[in-house]
*Asks:* 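The structure that follows is given in the form of structure tokens.
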Amino acid sequence: MADFSQSSTISITCPKGMSPYLKQELEDLGFPIIKERLAGVETKGTLHDCMKLNLVLRCAHRVHYLLKTFLCRNADEIHRELVKMPWEDYIDKHGYVSITSFIKNSTITNTQFANLTVKDAIVDRIRQETGTRPDSGSDLGKTVVFLFWKGIEASVYLDTSGDSISRRGYKVDNHTAAMQETLAATIIKASKWEPGQHFINPMCGSGTLAIEAALMATKRAPGLLRPNFGIKHILGFDVGEWNSLRTDVKDDSVKEFEGKIIATDLDPRAIKAAQKNAQTAGVDHLIEFKCCDFRDTEMPEGNGVVVFNPPYGERLGDSEELEDLYKTIGDYFKHRCSGKWGYVFTGNFDLAKKIGLRTSRRVELYNSTIECRLLEYELY
């Protein structure tokens, strides 16, 4: 069985632009920072630590636990190195394994071939040691092994997340192009909002921003909503320890907080979807939903932020038709939101100019492959 107390490098991935916020999360949790990359952060820890990281991280996609790094020039050498490793200690001989990879090697033109090579080495080793072998395929719901191979250096990891931990489990109803949970959490962390202040989200869509704000305000770990992680399928996983950890993490949350979280949208279908998602997340009673034009959104007195995620012409319409919308957002900021911090997340920089206000900060983030900016406005 795997030694869950043995320390190794933990590589945590995230979308481009989010690594500073992931780094801050790790530092707040007391983890050392070995390296910060464009789309990830490396730290040090055990498989026990990976259990907690999967439960509590908000800006991460996957938590990879390093098993081995070695030099290799081609697929044959990959197989030769991997077949030496004690895979029978990690993967149930009657279980299931999936291989994922990132490869930049001149001898490999098809990543599926490399994945197949890794899979063959793993099952060959387990068959050799136990007399039988696990099933394999593309299902990320069981044991997952990740290969990072660049040039002549390869690293093999256990993917302790499996499916991306950005998928919290509360999205039961999406309206139009729903924002990814990890991106929403990062936008909130990049803003000047603090739990206890007001969080106003006009044009809320499926409610992801408001839900993530409610989870943060109550200190609820996002992973508590998910039933499955890759780490649960690694030999040596202790269900009792996992349940105890979940209880400890759950006990850290609070039931009440100061400030209002308000989410509005003109489309009743969007509000219905947002309410359903919030109910699944267990925070529907913490968010005030209203179907209305964004200009009619309640603006409570006191400190807080107003966050817009308007369409920007990539998937949801023609950008020329959106110019009036962006200008109206600017007018709304000026006339209704004084004393707050205003934010607009957009991937259309020409439309952003129509807001007509000077930004105090422009944060580079990515929505999938689309380069975007979180525009910050100090609203005197």
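Residues take their numbers from the sequence shown, with the count starting at 1. On a predicted model such as this, the values are computed, not experimentally measured, just so you know.
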*Asks:* Charged N to carboxylate O under 4.0 angstrom, K150 versus E153?
*Replies:* no
*Asks:* So that I can tick it off, tell me whether E376 and K192 are bridged by a salt bridge, with the cut-off set at under 4.0 angstrom between side-chain N and carboxylate O.
*Replies:* yes
*Asks:* Using the ring-ring contact (aromatic ring centres under 6.0 Å, His included) rule, collect all pairs that involve residues 338-366, keeping only residues at least two apart or in two chains.
*Replies:* none
*Asks:* Before you tell me yes or no, could you show the steps for V344 and F333 under side chain to side chain contact (heavy atoms under 4.5 Å, CB included), namely the whole-Å CA-CA distance, both residues' side-chain angles and the distance that decides it to 0.1 Å?
*Replies:* CA-CA 10 Å; V344 176; F333 276 158; 3.7 Å; yes
*Asks:* So which pairs with a foot in residues 29-54 pass salt bridge (Lys or Arg N to Asp or Glu O under 4.0 Å), sequence neighbours left out?
*Replies:* K23-E36, R37-E42
*Asks:* Quick one: which residue pairs count as a salt bridge (Lys or Arg N to Asp or Glu O under 4.0 Å) with a foot in residues 86-112, not counting sequence neighbours?
*Replies:* E88-R125
*Asks:* Can you confirm whether the side chains of E298 and H198 place a donor and an acceptor under 3.5 Å from each other?
*Replies:* no
*Asks:* Can you establish whether the number of heavy atoms outside K334 located under 6.0 Å from its atom NZ is more than 12?
*Replies:* yes
*Asks:* Within the supplied structure, the quantity of interest is the number of heavy atoms (other residues, nucleotides, ligands) at a distance under 6.0 Å from K272 NZ; does it exceed 12?
*Replies:* no
*Asks:* Under a 3.5 Å threshold, yes or no: a donor from one side chain and an acceptor from the other, between S98 and D139?
*Replies:* no
*Asks:* Who pairs with K276 by salt bridge (charged side-chain N to carboxylate O under 4.0 Å, His left out), at least two apart in sequence or on another chain?
*Replies:* D173
*Asks:* Taking only residues two or more places apart in sequence, or in another chain, which ones meet E27 in a side-chain hydrogen bond (donor to acceptor under 3.5 Å, both in side chains)?
*Replies:* none
*Asks:* Could you check T264, I271, L209 and say which one makes a side chain to side chain contact (heavy atoms under 4.5 Å, CB included) with C204?
*Replies:* I271
*Asks:* Do Q24 and D28 pair up side chain to side chain, a donor and an acceptor below 3.5 Å, judged on atom types alone?
*Replies:* yes
*Asks:* So, W87 side chain and I91 main chain: donor-acceptor pair closer than 3.5 Å or not?
*Replies:* no
*Asks:* Can you spot which of V118, T117, D159 makes a side chain to side chain contact (heavy atoms under 4.5 Å, CB included) with I99?
*Replies:* V118
*Asks:* Under 6.0 Å from the NZ atom of K290, do we count more than 12 heavy atoms belonging to anything else shown?
*Replies:* no
*Asks:* So, using ring-ring contact (aromatic ring centres under 6.0 Å, His included) as the criterion, who are the partners of F4 when residues are at least two apart?
*Replies:* H48
*Asks:* Can you tell which of R167, R58, K171 makes a salt bridge (charged side-chain N to carboxylate O under 4.0 Å, His left out) with E181?
*Replies:* K171
*Asks:* Using a strict cut-off of less than 4.0 Å between a Lys/Arg side-chain nitrogen and an Asp/Glu carboxylate oxygen, indicate whether D331 and K327 qualify as a salt bridge.
*Replies:* yes
*Asks:* Assess whether atom CZ of R127 is packed by more than 12 heavy atoms of other residues, nucleotides or ligands within 6.0 Å.
*Replies:* yes
*Asks:* Work out which heavy atom in F289 is nearest to a heavy atom in A278; give both atom names and the distance.
*Replies:* CZ-CB, 3.8 Å
*Asks:* Can you tell me if N105 and T107 form a side-chain donor-acceptor pair at under 3.5 Å?
*Replies:* yes
*Asks:* May I ask you to check whether S101 and N115 show a side-chain donor-acceptor distance below 3.5 Å?
*Replies:* yes
*Asks:* How about L374 and C372: do any of their side-chain heavy atoms sit closer than 4.5 Å?
*Replies:* no
*Asks:* Take atom CG in D324; do more than 12 heavy atoms of anything else shown fall under 6.0 Å from it?
*Replies:* no
*Asks:* Looking at K250, I'd like to know if its NZ atom is crowded, meaning that more than 12 non-hydrogen atoms belonging to other residues, nucleotides or ligands lie closer than 6.0 Å.
*Replies:* no
